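Below: the structure, in structure tokens.
Small disclaimer: the values here were computed from a predicted structure and weren't measured.
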Amino acid sequence: MRLTSFKRLSLVFAFCLVTLPAQGAMKIVTAVNDVWPPYVTRDTAKPGFSVEVVTAALSTQGYDTKFLLFPWARGLYEVRNGRIDLITTTWYTDARSEFLLYSDPYFATNIDIMMRKDTAFDFTGPESLTGKRVASVLEYGYEPWFLDADYFQRVETTSLRSSLQMLAAKRVDLAVGNRFVMQHELEPLNLNTDDFHFSPTPMIKQHIHVTAGKANPKAQEYIQAFNRGLEIIKRNGTFDDLKQKYGLLLPDDVAAE
């Protein structure tokens, strides 16, 4: 029988009481991310799917998570050097694995291709981008073929909002990023979602992980704690409730793959 939300939260609370350190004090862990709605937002009442997943998972292990909002490149630098403990949302790359420890994947995301309404394009492979001007965000986790290709023009921006502004102004042909994030970012830019659409085929399939810098002596401890907590909130239904709360129905979480 499916638990009600009240009963489910009660069970989570009870479990947290059992797993807290003997002295009753929560351990503090710091986490950082750029604003990336609906995964990470500035809304304290609805802070984002990833923020709530990380908070819920780590709380079952006796951790109180303190979140910081930094531009992506700065947050990555701080975690890499061990000054902040975790990044909330990270795509895997071989280069990052040299200095980051990765958690189990907790959600599947695509890197989609957005275009203006008057543009017809379907991604059928790297070569289909030939001759295109493509806006991409500096330091994001794109695959090597995308970063190394010379048959299209990759226009680097500092944020997804900048990419969307360039797309709207016809300074690029395509913008790449997560579908849900791009849809959320159109509103603060006063852009109409009806003026844009997506390639039916995603450009890259990715998963989201929590990461810790290998320079941090507690990196392994934090990642293992998150992995244990993630399994708990998936079993008790909290994870599914959060997915529904933030409208993340496509793509599905990795447990369903």
Residues Lys234, Ile232; criterion side-chain contact (heavy atoms from CB on, under 4.5 Å); working and verdict: CA-CA 5 Å; Lys234 283 187 173 182; Ile232 291 168; over 6 Å; no

Step-by-step salt bridge (Lys or Arg N to Asp or Glu O under 4.0 Å) determination, Asp64 to Lys66: CA-CA 7 Å; Asp64 183 11; Lys66 302 299 184 184; 3.1 Å; yes

What do the steps show when you test Asp43 against Thr41 for side chain to side chain donor-acceptor pair (under 3.5 Å), and what is the final call? CA-CA 5 Å; Asp43 184 353; Thr41 79; 5.4 Å; no

Using the side-chain contact (heavy atoms from CB on, under 4.5 Å) rule, take Phe146 and Met203 through it: C-alpha gap first, then chi angles, then the decisive distance, then the call. CA-CA 10 Å; Phe146 181 78; Met203 186 178 79; 3.7 Å; yes

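Considering all non-hydrogen atoms of both residues, His207 and Pro105 come closest at CB-CB, 3.7 Å. Pairing each heavy atom of Leu76 with each of Leu100, the nearest pair is CD1-CD1, 3.9 Å. Across Thr65 and Leu58, no two heavy atoms sit closer than the pair OG1-CD1, 3.5 Å. When every heavy atom of Val51 is checked against every heavy atom of Thr88, the shortest pair comes out as N-CG2, 4.1 Å. What you find for Lys245 and Lys46 is that their closest heavy atoms are O-NZ, 3.6 Å. Closest approach of Lys117 and His197 over heavy atoms only: CA-CD2, 3.8 Å.
Expressed to the nearest 0.5 Å, how far CD of Glu231 lies from OG1 of Thr60 amounts to 10.5 Å. Note: Arg80 CZ to Lys214 NZ = 11.0 Å, rounded to the nearest 0.5 Å. Separation of atoms CD1 (Ile113) and CG (Asp122) is listed at 8.5 Å; rounding is to 0.5 Å. Here Ser199 contributes atom OG and Phe121 contributes atom CZ; the two are 6.0 Å apart, rounded to the nearest 0.5 Å. Summarising the geometry, atom CD belonging to Gln224 is positioned 9.5 Å from atom CG belonging to Leu101; distances are rounded to the nearest 0.5 Å. Residue Thr30 holds its OG1 atom at 8.0 Å from CG of Asn216, rounded to the nearest 0.5 Å.
Using a 3.5 Å distance cut-off with no hydrogens or angles, the side chains of Thr109 and Trp91 do pair a donor with an acceptor. Judged by distance alone, the side chains of Asn178 and Asp112 never bring a donor and an acceptor atom under 3.5 Å apart. Checked by atom type, the side-chain pair Thr157/Ser163 shows a donor-acceptor distance below 3.5 Å. Using modelled atom types, one finds no donor on one side chain facing an acceptor on the other under 3.5 Å when comparing Asp104 with Tyr102. Side chain to side chain, Ser103 and Tyr222 fail the donor-acceptor criterion of an N or O pair below 3.5 Å.
For Arg74 and Tyr77, the positive end is not near the middle of the six-membered ring at less than 6.0 Å and at most 45° from its axis. Annotation: cation-pi pair Lys27/Tyr63 present, NZ/CZ under 6.0 Å from the ring centroid and within 45° of its normal.
Note on residues 183-195: pairs passing side-chain hydrogen bond (donor to acceptor under 3.5 Å, both in side chains), not counting sequence neighbours, are Arg161-Glu185.
Contact annotation: the side chain of Ile87 approaches that of Trp72 to within less than 4.5 Å [non-hydrogen atoms, C-beta and beyond]. Between Leu167 and Arg116 the shortest side-chain heavy-atom distance falls below 4.5 Å.
In this structure, Leu138 is not a member of the same hydrophobic cluster as Trp145, with clusters built from ILVMFWY side-chain heavy atoms closer than 4.5 Å. Clustering ILVMFWY residues whenever any of their side-chain heavy atoms sit less than 4.5 angstrom apart, transitively, puts Leu189 in the very cluster that holds Val181. Side-chain heavy atoms closer than 4.5 Å link hydrophobic residues (I, L, V, M, F, W, Y) into clusters, and following such links, even through other members, never connects Val54 to Ile28.
Residue-environment remark: CZ (Arg83) exceeds the threshold of 12 foreign heavy atoms within 6.0 Å.
Checking Arg133, Lys132, Gln153 one by one against Asp173, the side chain to side chain donor-acceptor pair (under 3.5 Å) holds for a single residue, Arg133. The only option from Phe107, Trp36, Tyr106 that meets the side-chain contact (heavy atoms from CB on, under 4.5 Å) definition with Ser50 turns out to be Tyr106. Test Val134, Val176, Leu147, Asp148 against Arg154 for side-chain contact (heavy atoms from CB on, under 4.5 Å) and you get one pass: Leu147.
Here the side chain of Tyr142 pairs a donor or acceptor atom with the backbone of Val137 at under 3.5 angstrom. A donor-acceptor pair under 3.5 Å links the side-chain atoms of Ser97 to the main chain of Asp94, judged by distance alone.
Taking the six-membered ring where the residue is Trp, the centroids of Phe49 and Phe239 are separated by under 6.0 Å. In this structure, the ring of Phe180 has its center no less than 6.0 angstrom from the ring center of Tyr246.
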